[in-house]
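First up is the structure itself, then whatever we jot down about it.
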Amino acid sequence: MPAPDPEFLRRFTVAERWVHRTTATLMMVAILSAAFLYVPQLAELVGRRRLLVIIHEWSGVLLPLPLAVGLFFRSVRADLRRLNRFVPQDRGWTWRALRHGTRHAGPAGKFNAGQKMYAALISGATLVMVGTGLILWFPNLAALDVRTGATFVHDWLALVIGVLVLGHIRMAAKDPEARRGMRTGLVGRPWARREHPLWAQELDEQRRAGEEQRTAEEEPRPDDSPSGPQG
């Protein structure tokens, strides 16, 4: 088995990239189909509106599925724990990012505070969208006032999600190394030390600990030395 390239660090596993890609695909289908359903200028371009409604409904209701499947993988669960944990340096990162921009926000772990907040907002908004969407999909399950409220929340929250996703795409477009990490799973060590130094330091410490453990296991033990002639 070839040794890993010392110039690169493993940022995402196959399972993590699969969850991200399938979720992103479903999200984009839901957003685009919603745009063609609700923007008059785009709605005129679509002939089979009922088919578009079905595509929108199923892409929305399936949005939580990739993550649910990903929970069977240890790497996905580990990243979820990281995303759900707001540590002290994240507060400092947020304060500096608001004052000086994200480029001068200081050290971060595998995910900075902005990425954690984005994940929390998108996750919560997606659950609300699925819930309100089901009420609109099956109107007989709720009273008229509930359906009216669900429609209001669904429409305005869709706009918020669209803005968040556009911002996410804009940030990714400005960082080719981050895109390579999501595409191949590997990122350059200089990028990791610059953008996520605490995570790079954590990986270096794990690597050194592993090397020390292997060295200790390979060293001959006193009871392994050949015994002398017996009297």
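Bear in mind that the values here come from a model prediction, so they are computed numbers and not experimental data.
Between the side chain of Arg17 and the backbone N or O of Phe12 there is at least one donor-acceptor pair closer than 3.5 Å. Side-chain atoms of Thr184 do not come within 3.5 Å of backbone N or O of Gly181 as any donor-acceptor pair. When atom types are taken as modelled, the side chain of Glu7 and the backbone of Gly188 share no donor-acceptor pair closer than 3.5 angstrom. Between the side chain of Arg147 and the backbone N or O of Ile135 there is no donor-acceptor pair closer than 3.5 Å. Although no hydrogens or angles enter the test, the distance criterion places a donor-acceptor pair under 3.5 Å between the side chain of Arg77 and the main chain of Leu71. Judged purely by atom type and a 3.5 angstrom limit, Thr132 uses its side chain to pair as donor or acceptor with the backbone of Met129.
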Set out, in order, the CA-CA distance, both residues' side-chain angles and the distance that settles side chain to side chain contact (heavy atoms under 4.5 Å, CB included) for Leu67 and Leu80, then state yes or no.
CA-CA 10 Å; Leu67 182 57; Leu80 284 178; 3.9 Å; yes
Residue pair Arg85, Asp90: steps toward the side chain to side chain contact (heavy atoms under 4.5 Å, CB included) verdict
CA-CA 9 Å; Arg85 187 178 300 124; Asp90 290 327; over 6 Å; no
Please step through side chain to side chain contact (heavy atoms under 4.5 Å, CB included) for the pair Phe73 and Asp79, ending with a clear verdict.
CA-CA 10 Å; Phe73 297 88; Asp79 269 1; over 6 Å; no
Candidate pair Leu37 and His56, rule side chain to side chain contact (heavy atoms under 4.5 Å, CB included), full reasoning
CA-CA 9 Å; Leu37 285 170; His56 179 73; 4.0 Å; yes
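A 4.5 Å side-chain heavy-atom check between Glu205 and Gln201 finds at least one atom pair inside the cut-off. Between Arg193 and Leu9, the closest side-chain pair of non-hydrogen atoms is not below 4.5 Å. Here the side chains of Thr13 and Arg74 are not in contact, with every heavy-atom distance at 4.5 Å or above. Using a 4.5 Å heavy-atom threshold, the side chains of Leu164 and Tyr118 count as touching. Taking the side chain as every heavy atom from C-beta outward, Leu198 and Gln89 approach each other to under 4.5 Å. The side-chain heavy atoms of Ile55 and Val29, taken from C-beta on, include a pair separated by under 4.5 Å. When side chains are defined from C-beta on, Met27 counts as touching Leu63, because their heavy atoms get closer than 4.5 Å.
With sequence neighbours excluded, no residue forms a side chain to side chain donor-acceptor pair (under 3.5 Å) with Thr151. Residues satisfying the side chain to side chain donor-acceptor pair (under 3.5 Å) test with Trp137, not counting sequence neighbours, are Glu57.
Hydrophobic clustering of Ile, Leu, Val, Met, Phe, Trp and Tyr side chains at less than 4.5 Å, counting indirect connections, unites Val165 with Val153. Both Val69 and Val61 belong to a common hydrophobic cluster when Ile, Leu, Val, Met, Phe, Trp and Tyr are linked at side-chain heavy-atom distances under 4.5 angstrom. Clustering ILVMFWY residues whenever any of their side-chain heavy atoms sit less than 4.5 angstrom apart, transitively, puts Leu65 in the very cluster that holds Ile122. Trp156 and Val39 fall into different hydrophobic clusters, where Ile, Leu, Val, Met, Phe, Trp and Tyr are joined by side-chain heavy atoms under 4.5 Å apart, directly or via other members. By the criterion of side-chain heavy atoms lying less than 4.5 angstrom apart, applied directly or through intervening Ile, Leu, Val, Met, Phe, Trp or Tyr residues, Val163 is not grouped with Met28; the two fall into different hydrophobic clusters.
Leu52 CG to Phe36 CZ: the interatomic distance, rounded to the nearest 0.5 Å, is 8.0 Å. Distance check: Trp58 CH2 to Ser33 OG gives 14.0 Å after rounding to the nearest 0.5 Å. Annotation: the span from Leu134 atom CG to Leu141 atom CG amounts to 9.0 Å, rounded to 0.5 Å. Rounded to the nearest 0.5 angstrom, Arg189 CZ and Arg194 CZ are separated by 14.0 Å. The CZ atom of Arg183 sits 8.5 Å away from the CZ atom of Arg21 when rounded to the nearest 0.5 Å. With rounding to the nearest 0.5 angstrom, the CH2 atom of Trp93 is 10.5 Å from the NZ atom of Lys116.
Within 6.0 Å of atom CZ in Arg179, more than 12 heavy atoms from other residues, nucleotides or ligands are found, so the atom counts as buried in its surroundings. The environment of CZ in Phe152 is sparse: at most 12 heavy-atom neighbours from other residues, nucleotides or ligands sit within 6.0 Å.
The nearest pair of heavy atoms linking Pro139 to Leu136 is CD-O, 3.7 Å. In plain terms, the two heavy atoms of Ile161 and Ile31 that are nearest each other are CG2-CD1, 4.4 Å. Among all heavy-atom pairs drawn from Val130 and Gly60, the shortest one is CG2-O, 3.5 Å. Taking all atoms of both residues into account, the shortest heavy-atom contact from Pro66 to Thr23 is CB-OG1, 3.4 Å. The minimum heavy-atom distance between Ala113 and Thr94, with the atom names listed, is CB-OG1, 3.3 Å.
Checked for salt-bridge contact, Glu202 and Arg82 meet the test: a charged N lies under 4.0 Å from a carboxylate O.
A cation-pi contact, defined as under 6.0 Å to the ring centre and within 45° of the axis, links Arg11 to Phe111.
Below 30°, between 30° and 60°, or above 60°: for Trp191 and His196 the angle between ring planes is between 30° and 60°, a tilted geometry.
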